[in-house]
Peer 1: 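Quick one: structure below, then a few questions.
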2 protein chains.
Amino acid sequence: MRATYATKPREQVSAVLRREKRYLSAAEIHAILRKSRTNVSLSTVYRTLDLLAGKGQASARVDERGETTFVVCDQSHHHHAVCNGCGKVEDVSCEAIESVAHALRSHHGFKLADHEMEFFGTCGACR
Amino acid sequence: MRATYATKPREQVSAVLRREKRYLSAAEIHAILRKSRTNVSLSTVYRTLDLLAGKGQASARVDERGETTFVVCDQSHHHHAVCNGCGKVEDVSCEAIESVAHALRSHHGFKLADHEMEFFGTCGACR
DNA sequence: CCTAATTTGCGAATGATTTGCAAAATCATT
DNA sequence: AATGATTTTGCAAATCATTCGCAAATTAGG
Ligand SMILES: [Zn+2]
Ligand SMILES: [Zn+2]
Ligand SMILES: [Zn+2]
Ligand SMILES: [Zn+2]
């Protein structure tokens, strides 16, 4: 049974994610940490992100340039609204899926098991 | 004005996509072509996929292993239902988004501009 | 056919992510 | 706070998908 140590580097990486609340790549997090004279190796940033994603405390998405980016989020099923202006991500509860599930079943004979949704737009602060 | 030639390799790549109707990586397409003694270089497969995606004739998604995969689809706005059994992808028209847009605006002050949805489940043939 | 424009194939370069391993840090116990 | 087992870190090297450069091959049009 693998124990998990609470280490300084891990705390520093998740602190960045909690503070920024937007999708960040490993390289971006690494750069942010360096700027505040906090030295965490890029490898450790990668490993910590995998760890957080594995525990469901972070969610990953591949951006348009092909880099994997991460954002903090809670474990429960939900979706993300990403602001095109500031990049901030808000958790959105899952509604209006029932009707889609129904349509999928009746129109396509498709039994829905899982789904993913992402929203893009402008947040309140950016308007 | 860049003309676009209709070449044999391009036709062979899109033929595979049209026939399979499921998400395929460049490497998988390349392997499928080799198996039928059709030699198209991996570079050309990549270039053709970019071309098709650019024209909106194919849609890309990054799979769990980090590989970019492509499937044929029409240009109009729609979403995909992917079968967990056979991998086949069906186009699904976009419904039930209005209510989500409303909720986003009223609950989060978020003005929806764009969205992406993906569905996973079991297709009619696989049940 | 001829020529110009475009595409192909190959191998080399790129760039993000992973991995191996010795040294450093963490944790539970004396 | 010293000990020792366990886990993590940092670094550099390895991986692996994707991109690029360029000469040779293919296509389109006359
Ligand atoms: Zn914003
Ligand atoms: Zn949902
Ligand atoms: Zn199926
Ligand atoms: Zn839609």
Side-chain angles (χ1 to χ4, degrees), chain A residues 1-18 20 22-55 57-72 87, chain B residues 1-18 20 22-55 57-72 87:
Chain A
M1 46 226 47
R2 63 235 128 91
T4 302
Y5 290 1
T7 69
K8 213 167 299 181
R10 284 177 180 167
E11 165 54 25
Q12 286 158 335
V13 169
S14 28
V16 170
L17 283 179
R18 285 195 306 271
E20 298 285 340
R22 61 196 170 93
Y23 280 103
L24 293 171
S25 69
E28 287 172 320
I29 294 171
H30 187 242
I32 289 173
L33 287 172
R34 293 186 92 197
K35 215 171 284 179
S36 56
R37 305 184 230 70
T38 310
N39 277 21
V40 176
S41 78
L42 185 55
S43 301
T44 295
V45 175
Y46 272 109
R47 287 185 282 229
T48 302
L49 291 173
D50 285 350
L51 203 64
L52 293 174
K55 292 199 287 181
Q57 294 174 10
S59 169
R61 95 177 283 271
V62 179
D63 71 15
E64 46 290 330
R65 287 194 287 291
E67 285 182 304
T68 304
T69 57
F70 297 81
V71 71
V72 285
Chain B
M1 46 223 40
R2 58 208 141 63
T4 302
Y5 289 1
T7 70
K8 212 168 299 182
R10 284 178 181 166
E11 166 54 26
Q12 286 158 333
V13 169
S14 27
V16 170
L17 283 178
R18 284 195 306 271
E20 298 285 342
R22 60 196 173 95
Y23 280 103
L24 293 171
S25 69
E28 287 173 319
I29 295 170
H30 186 241
I32 290 173
L33 287 172
R34 293 185 92 194
K35 216 171 285 181
S36 57
R37 305 185 231 70
T38 310
N39 277 20
V40 176
S41 76
L42 185 54
S43 301
T44 294
V45 175
Y46 272 109
R47 287 185 284 229
T48 303
L49 290 173
D50 286 350
L51 203 64
L52 292 174
K55 292 198 287 180
Q57 294 174 11
S59 170
R61 95 177 281 273
V62 179
D63 70 17
E64 46 290 330
R65 287 194 288 290
E67 285 182 305
T68 304
T69 56
F70 297 81
V71 71
V72 285

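Order of the sequence lines fixes the chain letters, A, B, ..., with proteins taken first and strands second; residue numbering starts at 1 for each chain. Values below: all heavy atoms of this structure, side chains included; hydrogens, waters and symmetry mates excluded. Computed from a prediction, not measured in an experiment: that's the story for all the values here.
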Peer 1: If the sugar-phosphate is the primed atoms plus P, OP1 and OP2 and the base is the rest, what is the B/S/- string for nucleotides 19-30 of chain D, using protein heavy atoms under 4.0 Å?
Peer 2: BBB-----BS--

Peer 1: Only counting residues at least two apart or in another chain, list the ones meeting side-chain hydrogen bond (donor to acceptor under 3.5 Å, both in side chains) with B:S36.
Peer 2: B:T38

Peer 1: Mind calculating the distance between CD (A:Q12) and P (D:dT8) to the nearest angstrom?
Peer 2: 16 Å

Peer 1: Give the dot-bracket line for DNA chain C from 5' end to 3' end: parentheses for intra-strand Watson-Crick or G-U pairs under 3.5 Å, square brackets for crossings, | for inter-strand pairing, dots for unpaired.
Peer 2: ||||||||||||.|||.|||||||||||||

Peer 1: Pull out every residue in residues 57-72 of chain A that has a heavy atom closer than 4.0 Å to any atom of DNA chain C, ordered by number, or say none.
Peer 2: A:E67, A:T68

Peer 1: Nucleotide range of DNA chain C contacted by chain B, 5' to 3', under 4.0 Å to a heavy atom?
Peer 2: C:dA5 to C:dG11

Peer 1: Using a 3.5 Å cut-off and no angle test, enumerate the donor-acceptor pairs between side-chain atoms of residues 22-32 of chain A and protein atoms at least two apart in sequence or in another chain.
Peer 2:
unit_1: A:R22; atom_1: NE; unit_2: A:E20; atom_2: OE1; d: 3.0
unit_1: A:R22; atom_1: NH2; unit_2: A:E20; atom_2: OE1; d: 3.1
unit_1: A:Y23; atom_1: OH; unit_2: A:H80; atom_2: ND1; d: 2.8
unit_1: A:S25; atom_1: OG; unit_2: A:E28; atom_2: N; d: 3.1
unit_1: A:S25; atom_1: OG; unit_2: A:E28; atom_2: OE1; d: 3.4
unit_1: A:E28; atom_1: OE1; unit_2: A:S25; atom_2: N; d: 2.8
unit_1: A:H30; atom_1: NE2; unit_2: A:V40; atom_2: O; d: 3.2

Peer 1: Expressed as a whole number of angstroms, how long is the span from A:E11:CD to D:dT9:C1'?
Peer 2: 17 Å

Peer 1: Short of 4.0 Å, heavy atom to strand atom, which residues of residues 29-41 of chain A count as contacting DNA chain C?
Peer 2: none

Peer 1: Show me the pairs that pass side chain to side chain donor-acceptor pair (under 3.5 Å) and involve residues 60-71 of chain B, at least two apart or across chains.
Peer 2: B:R61-B:E118

Peer 1: Can you pull out every salt bridge (Lys or Arg N to Asp or Glu O under 4.0 Å) where at least one residue sits in residues 30-40 of chain A? Sequence neighbours excluded, please.
Peer 2: none

Peer 1: With sequence neighbours excluded, give me every side chain to side chain donor-acceptor pair (under 3.5 Å) pair touching residues 43-54 of chain A.
Peer 2: A:S41-A:T44

Peer 1: A:R2 or B:A27: which one's nearest nucleotide on DNA chain D is closer to the 5' end?
Peer 2: A:R2

Peer 1: Report all side-chain donor-acceptor pairs from residues 6-17 of chain A shorter than 3.5 Å, counting only partners two or more places apart or in another chain.
Peer 2:
unit_1: A:T7; atom_1: OG1; unit_2: A:R10; atom_2: N; d: 3.4
unit_1: A:R10; atom_1: NH1; unit_2: A:Y5; atom_2: O; d: 2.8
unit_1: A:E11; atom_1: OE2; unit_2: A:R18; atom_2: NH2; d: 2.9
unit_1: A:S14; atom_1: OG; unit_2: A:R10; atom_2: O; d: 2.8

